[in-house]
Each structure stands twice: as structure tokens, then as C-alpha cells.
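Reading through the C-alpha cells given below for one structure.
Everything numeric in this text was worked out from a predicted model, so none of it was measured. First the proteins, then the strands, lettered A, B, ... as listed; each starts at 1.
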4 protein chains.
Amino acid sequence: MSATAAAQKEQPATRFAKDQLKAIIERIERLEEEKAALVADIREVYAEAKGQGFDTKIMRQVVRLRKLDRADRQEQEAMLDLYLGALGMRH
Amino acid sequence: MSATAAAQKEQPATRFAKDQLKAIIERIERLEEEKAALVADIREVYAEAKGQGFDTKIMRQVVRLRKLDRADRQEQEAMLDLYLGALGMRH
Amino acid sequence: MSATAAAQKEQPATRFAKDQLKAIIERIERLEEEKAALVADIREVYAEAKGQGFDTKIMRQVVRLRKLDRADRQEQEAMLDLYLGALGMRH
Amino acid sequence: MSATAAAQKEQPATRFAKDQLKAIIERIERLEEEKAALVADIREVYAEAKGQGFDTKIMRQVVRLRKLDRADRQEQEAMLDLYLGALGMRH
DNA sequence: ACTCCAATACTTTAGC
DNA sequence: GCTAAAGTATTGGAGT
């Protein structure tokens, strides 16, 4: 069998993998699209707020800070878990 | 009126702005949450694919290239429209 | 003048740039070396501590958390600056 | 002895461990600081080079490649030593 | 020792 | 055009 023919008539396993890959890629692209839409929404909200006289720079900082606080709280919990675990305790 | 009293009994306009700002910030945070969920979903899809033997690095490149292609195509269409428009034609 | 000769006897400006680039690259490499040495030192300190019965996982978490706290404090200050700036005040 | 008193008057061994841990953590943090300073230095060198018209992206590639070369050379030397050692020779 | 996961550093893109 | 945020890739650490 020639190389060209081989390329035309792939192994079932390879074909399956190809289809599977295609499906996965398309699924990712759909998710990326949804994400892009959300990013656009967020941008729009900021723009509207700016139009109403709010300072977007400060707003972004506030959002960032509140997010950081949440992360910090989670870290503290993780720390507690770690300590309790080290002491042989579970909660 | 003392400064303290002023702080306790704000101007209606200020109060309104404050509530409005709060609403906007919370709306942004909700959108950010949804976005974070999507990012997590995408990461999970990649992780699954990796578990099935696919190379995620290459997959990411594929996704990026296809995105570029779409952008190019859109640009070309926009260019075509521009030219057709300049010639008084529509399609 | 042949191309080969030109390559051997470059323009002063080009030569200068080349020497300068060499110096910069070497400087970066020295800094990178120092950095690698520090990373090795840190790893060694953790290893020693482990040998004395300390839990490195917890230690790393502690270091991370303290770093996060510092970052948080800086963010708060930045926030304050931003607010004061927005109110036309400086400190 | 109540639990509270126990907490106030710890075992010598525990106290010692605590002080020791504190010392280790602080030592690590100092090393991390130095490391962060070096990272900042490196970034600054790149920034300066960029200001003088050098392409930082290419510079980074150069640094990376040279690092790889050094690693390769070390590997080859190690291999040579191994072979020579197997033949009962030293160099 | 080797694989998996986490973190850091680099790159690119978006906002101002 | 520059600064800052997001995404991506590489490195280092933990667990088996």
C-alpha cells in the first residue's frame, strides 16, 4: 500500500482520535466564545459606569481588592486545614 | 452641622450614587464569577484531553491559530465590503 | 570590498553595539547565576528544616500566606492613595 | 494544670522548636527578598537594553539558548567522565 | 525515580 | 505608546 493510500485510509484508531480531537477543539471554542461574550459584558458595564461619572480606575481597584480578600480568606482556611491535619485532626 | 453628622446623614445624591456603585460592582463580580467558571471548564476540558493522550500545548496552538484565521477572514470580508461600498456596490 | 571583508571589518557603530550587547548578556547571566544560587539556598534551608522534623509543606504555606498579607497591605495602601487622589488630596 | 496554663507555660522543647521555626521562616523570607531583588535587577537590565534599541525578545532567546548549551556541555562532560571511569581512566 | 500538580516568569493583549 | 492584566509555558516541589 502506498503512503498516499495509507493517508487516505487511516487506521480506525487514528480516525477515531481525529474525530475526538475535533469534537474537543470545537467544545473549547464554544466555551471561549461564551467567555469572550462575558468579557465584552464586563467592559460594557465599566463603560456605562464611566458614562455615569464613576471612576473606572477606582472601580477596577475595588473589584481587585475584594477578590484579593476572598483569596486571602480561602488561604487562611487552607492553612487551618493544614494545621488541623498536621495535628491529626479533621473537621 | 458637624462633619460627623454630615457623614451620618449624607446627601440624597451621594447615597444614590453609593447604592448605584454597589450594584454595579456586584454585577461586575457576578460576571467575573461566570467568567472564572468558564475558565475552569476550559481547563478541565484540556485536562481530560491530556488524560486521553492528547498534547495540550499543541491543542492550544491549534485553537489560537483557528482564532487568528477567523479574525483574518473577518478582516478580509470587511475589506471587501469597504471596496464594494467605495464602488457603490453592496453584496 | 567583498562581503566577507565587510563582515570582518564592521562599521564602528555595529561593532560597538555588538560589544555592548555582549556585555549586557553577560551581566544578565551573572544575575541569573546569583538567582539560581539563592533558589538553591532556599531549597537547602527547607531541606535542613525537614531534617529537624519540621513539615515543609506547612512552612511553605506559612511563607506564602505571609507574603500574601504583605501584598494585601500594599494593595490597601494603593487603594487609599487612589481614593485620596480622587478627592484631590495628597499625603 | 489547666489547658490555658499549659498554653501559657509551654514545654521547653516546644518553645525551642517555635523559636527555631521562626528563625528559619525569617531566613527564608530574607532569601526570597534577595531573589525578588535580583529578578527586579534583571528586568531592569532588559528594560535599559530595550531603551538602547535592543530587541529584548531576541535577547531572552539568546540567554535561554546559551543556558541550554552550558547544560549540554556539562552533560557531555559528565558522559565523558563516565566512559573514562568505566575504562579505569581519569582526566 | 517519575509523574502530577502548583507556582513563577514570560508573552501578549487590552485599556488609558 | 505605555502601563497593567490575562493567558501561556516552563520550572520546581510533592506524592507514589
Nearest whole angstrom, please: distance from the P of F/dA5 to the CD of B/Glu32. 12 Å

Tell me whether the count of non-hydrogen atoms from other residues, nucleotides or ligands lying under 6.0 Å of CD in B/Gln52 goes above 12. yes

So, do B/Leu31 and A/Val39 sit near enough that their side-chain heavy atoms are less than 4.5 Å apart? no

Rounded to whole Å, please give me the gap between CG in B/Asp41 and P in F/dG7. 14 Å

Examine F/dA9: is either OP1 or OP2 under 4.0 Å from a nitrogen or oxygen in the side chain of B/Arg64? Give yes or no. yes

Please report the closest heavy-atom contact between A/Val45 and B/Arg27, naming both atoms and the distance. CG2-NH1, 3.6 Å

Heavy atoms only, 4.0 Å cut-off, all strands: where does B/Lys50 land among base, sugar-phosphate and nothing? nothing

OP1 or OP2 of F/dG12 under 4.0 Å from side-chain N/O of C/Arg43: no

Rounded to whole angstrom units, what separation is found between the NZ atom of B/Lys57 and the P atom of E/dC4? 17 Å

Within the 4.5 Å heavy-atom criterion, are D/Ile25 and D/Glu29 side-chain neighbours or not? yes

For E/dG15, does OP1 or OP2 lie under 4.0 Å from any side-chain N or O of A/Arg60? no

Quick one: D/Met59 CE to E/dA9 P, roughly how many Å, whole number? 18 Å

In whole angstrom, give the distance that lies between atom CG of C/Leu68 and atom P of E/dA7. 11 Å

Would you indicate, yes or no, if E/dT8 has its OP1 or OP2 atom less than 4.0 angstrom from a side-chain nitrogen or oxygen of C/Lys67? yes

Transitively linked via ILVMFWY side-chain contacts under 4.5 Å: D/Phe54 with D/Val63? yes

Report the distance from atom CD of C/Glu44 to atom C1' of F/dG12, rounded to the nearest whole Å. 16 Å

Taken to the nearest whole Å, NZ/A/Lys35 to P/F/dG7 is 4 Å

So, OP1 or OP2 of F/dG13: does either fall under 4.0 Å of a side-chain N or O from C/Thr56? no

Rounded to whole Å, the CD-C1' distance (B/Gln61 to E/dT12) equals 15 Å

